[in-house]
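Below, chain A is the first sequence line, B the second, and so on; all start at residue 1. Predicted, not measured: the structure shown is a model, and the values here were computed from it.
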2 protein chains.
Amino acid sequence: MLGARDVVPDSSTADILVAAADCFMERGYSATSVDDVARRLGATKGRIYHHFPSKSALFAGVFQFGMDRIFDAVEPYRNQPGPAVERWKRIAFVHTKRMMKSKTLARVVWEGVEMHLRGATTPEQRLVLDGLVKYRNSYSDIFRETIVQAREEGDFNFEDPAITVQSMFMALNSPIFWYVPRPGEDDEHMYAVVRQIVTFAYRGLGGKGELDL
Amino acid sequence: MLGARDVVPDSSTADILVAAADCFMERGYSATSVDDVARRLGATKGRIYHHFPSKSALFAGVFQFGMDRIFDAVEPYRNQPGPAVERWKRIAFVHTKRMMKSKTLARVVWEGVEMHLRGATTPEQRLVLDGLVKYRNSYSDIFRETIVQAREEGDFNFEDPAITVQSMFMALNSPIFWYVPRPGEDDEHMYAVVRQIVTFAYRGLGGKGELDL
DNA sequence: TTGACAACATACTGGGTAGTATGTTCTTTG
DNA sequence: CAAAGAACATACTACCCAGTATGTTGTCAA
């Protein structure tokens, strides 16, 4: 697998990644200084530069960390037998759930993809980002193959897979922008939100009947 | 109307707005320097600071300019008589078309909303951004009211309007991230893309039958 | 013709920031 | 127990950037 889980970060490195993810989410990549991340850790730059050679490498680390966790969620279901539409229901559900539960990491991954699409980066940054985005594209391929197969099996109905998978992902990813967990909110309420989002995407893809989740 | 078209920018100011929009889209707000915008104009900072008091005011100008154009597209259809679902079809279509045709401005508006959601801004910036986001929310209200009415008329079917309108907007806005107009591409091809996106959203909202656009 | 102002350009400043060079402390290993 | 290196902190530098202060040129009205 492309760059997946090559290195498991040790405890201190993991703390840095989490703090960095928080900062990147709150202010965005370029508005976040390395000192900001250090401050959040109650530490100084020295600690961060001991583990990461540069700010962009730190960002790449968070991206990788985030993508790993997203992959983790879907991994158990991606190769299950049965009709493709049933597989889609499961991976769409756990994907969206993960978007909400790991909102911070998911948004950093989002910004990474955005940065790549912009293209306005240094050649060295670009090389790293290229690899990461390939990793992320291999993830979206899982969904693309699944919905195409489901269409062949007569359960979905759409024209261009490229366009459709983009619309689908945008809908499934939407909560990373607006979802705010209420204090004392139980999982059941969160699942209700997930269900509505997945239902929207399911219908959008041309799925028939009700979504039984 | 909330802050709409109060001031029509003169020619020179409009040039600055366009150049700024290009820069903001390519690198994002904080990664863009005022000198960057000036360079793109073949001018210097002096010109920009003569028309705008600050970088954030420049951003606000682009945001306003972009929102005005988005409003423009929908305005002729928002109060047309007939069933709400038909009104939705029209405004969803022109909205998505505008997203693609004014992709640059649309992305700046997007980043403005994102910045507001993050909340990590100076109090003074926040005040300006608050007003702009209210302006943009009054726009999304048009869609929310329309789909709720269409649901009451039995043409749409969904649970929570707040969640659903978010999913819908994400789907309709998606092309601002991936659409790249091919050289020599005709409008007909672009409309085909729009049609697929709107179809996805239409079905997602619980619309029955085919979309006749 | 002149003076006043608009529309810029030029030159400068202070603060922030990525990255580096160099301590310091603690742990581990032979 | 000594020494070597890991895991940081401190101190510093060079640079970029928002904003300002001031100069310059063209226009237009009296």
Side-chain angles (χ1 to χ4, degrees), chain A residues 7-24 26-63 108 111-112 115 120-129, chain B residues 7-24 26-63 108 111-112 115 120-129:
Chain A
V7 205
V8 177
D10 62 286
S11 163
S12 178
T13 305
D15 287 346
I16 295 175
L17 288 174
V18 170
D22 288 343
C23 291
F24 288 147
E26 280 181 12
R27 303 174 191 262
Y29 174 72
S30 44
T32 299
S33 73
V34 179
D35 284 301
D36 284 338
V37 180
R39 253 191 300 275
R40 180 170 292 240
L41 283 165
T44 66
K45 273 213 284 239
R47 178 170 172 193
I48 295 172
Y49 277 102
H50 181 72
H51 292 271
F52 298 91
S54 67
K55 185 187 171 185
S56 57
L58 174 61
F59 182 83
V62 179
F63 188 110
V108 176
E111 194 180 356
M115 281 172 59
T121 39
T122 68
E124 167 250 355
Q125 250 184 18
R126 197 160 177 69
L127 238 155
V128 183
L129 215 54
Chain B
V7 205
V8 177
D10 63 287
S11 163
S12 179
T13 305
D15 286 346
I16 295 175
L17 287 173
V18 170
D22 288 343
C23 291
F24 288 148
E26 280 181 12
R27 304 172 191 261
Y29 174 71
S30 43
T32 299
S33 74
V34 179
D35 285 300
D36 284 338
V37 180
R39 250 191 302 276
R40 179 169 293 240
L41 283 165
T44 66
K45 272 211 284 236
R47 178 168 172 195
I48 294 173
Y49 277 102
H50 180 73
H51 293 271
F52 298 91
S54 67
K55 185 186 171 185
S56 58
L58 174 60
F59 181 83
V62 179
F63 188 109
V108 176
E111 193 180 356
M115 280 172 59
T121 39
T122 69
E124 168 250 354
Q125 250 185 18
R126 198 161 177 70
L127 239 154
V128 183
L129 215 53

Which atom of A14(B) lies closest to which atom of P9(B), heavy atoms considered: N-CB, 4.3 Å

Residues in contact with DNA chain C, drawn from residues 39-47 of chain B - heavy-atom cutoff 4.0 Å: A43(B), T44(B), G46(B), R47(B)

Nucleic acid contacts of residues 16-24 of chain A, taken as heavy-atom distances under 4.0 Å to DNA chain C: none

Under the side-chain hydrogen bond (donor to acceptor under 3.5 Å, both in side chains) test, residues paired with S12(A) that sit two or more places apart: R47(A)

Residues from residues 50-62 of chain A lying under 4.0 Å of DNA chain D - heavy atoms: H50(A), H51(A)

Touch class at under 4.0 angstrom, heavy-atom based, for S30(A) against every strand present: nothing

For chain A, the stretch of DNA chain C it reaches, first to last nucleotide, under 4.0 Å of its heavy atoms: dT17(C) to dT20(C)

A60(B) versus V128(B), closest heavy-atom pair with distance: CB-CG1, 3.7 Å

Residue pairs fulfilling salt bridge (Lys or Arg N to Asp or Glu O under 4.0 Å) with at least one residue in residues 35-45 of chain B, sequence neighbours excluded: D22(B)-R40(B), E26(B)-R40(B), D35(B)-K45(B), D36(B)-R39(B)

Test side chain to side chain contact (heavy atoms under 4.5 Å, CB included) applied to T44(B) - qualifying residues, sequence neighbours left out: none

Check: T32(A) side chain, C23(A) main-chain N or O, donor-acceptor pair, under 3.5 Å: yes

Residue pair V62(B) / A21(B): nearest heavy atoms and the distance that separates them: CG1-CB, 3.7 Å

OG on S30(B) to CD on E111(B), rounded to 0.5 Å: 6.5 Å

ring-ring contact (aromatic ring centres under 6.0 Å, His included): pairs with one or both residues in residues 37-56 of chain B, sequence neighbours excluded: none

Heavy-atom closest contact (L41(A) atom, D15(A) atom, distance): CD2-O, 3.7 Å

Set of residues satisfying ring pair (Phe, Tyr, Trp, His ring centres under 6.0 Å) with respect to F59(B), sequence neighbours excluded: F24(B), Y29(B)

Non-neighbouring partners of A38(A) that pass side chain to side chain contact (heavy atoms under 4.5 Å, CB included), sequence neighbours left out: I48(A)

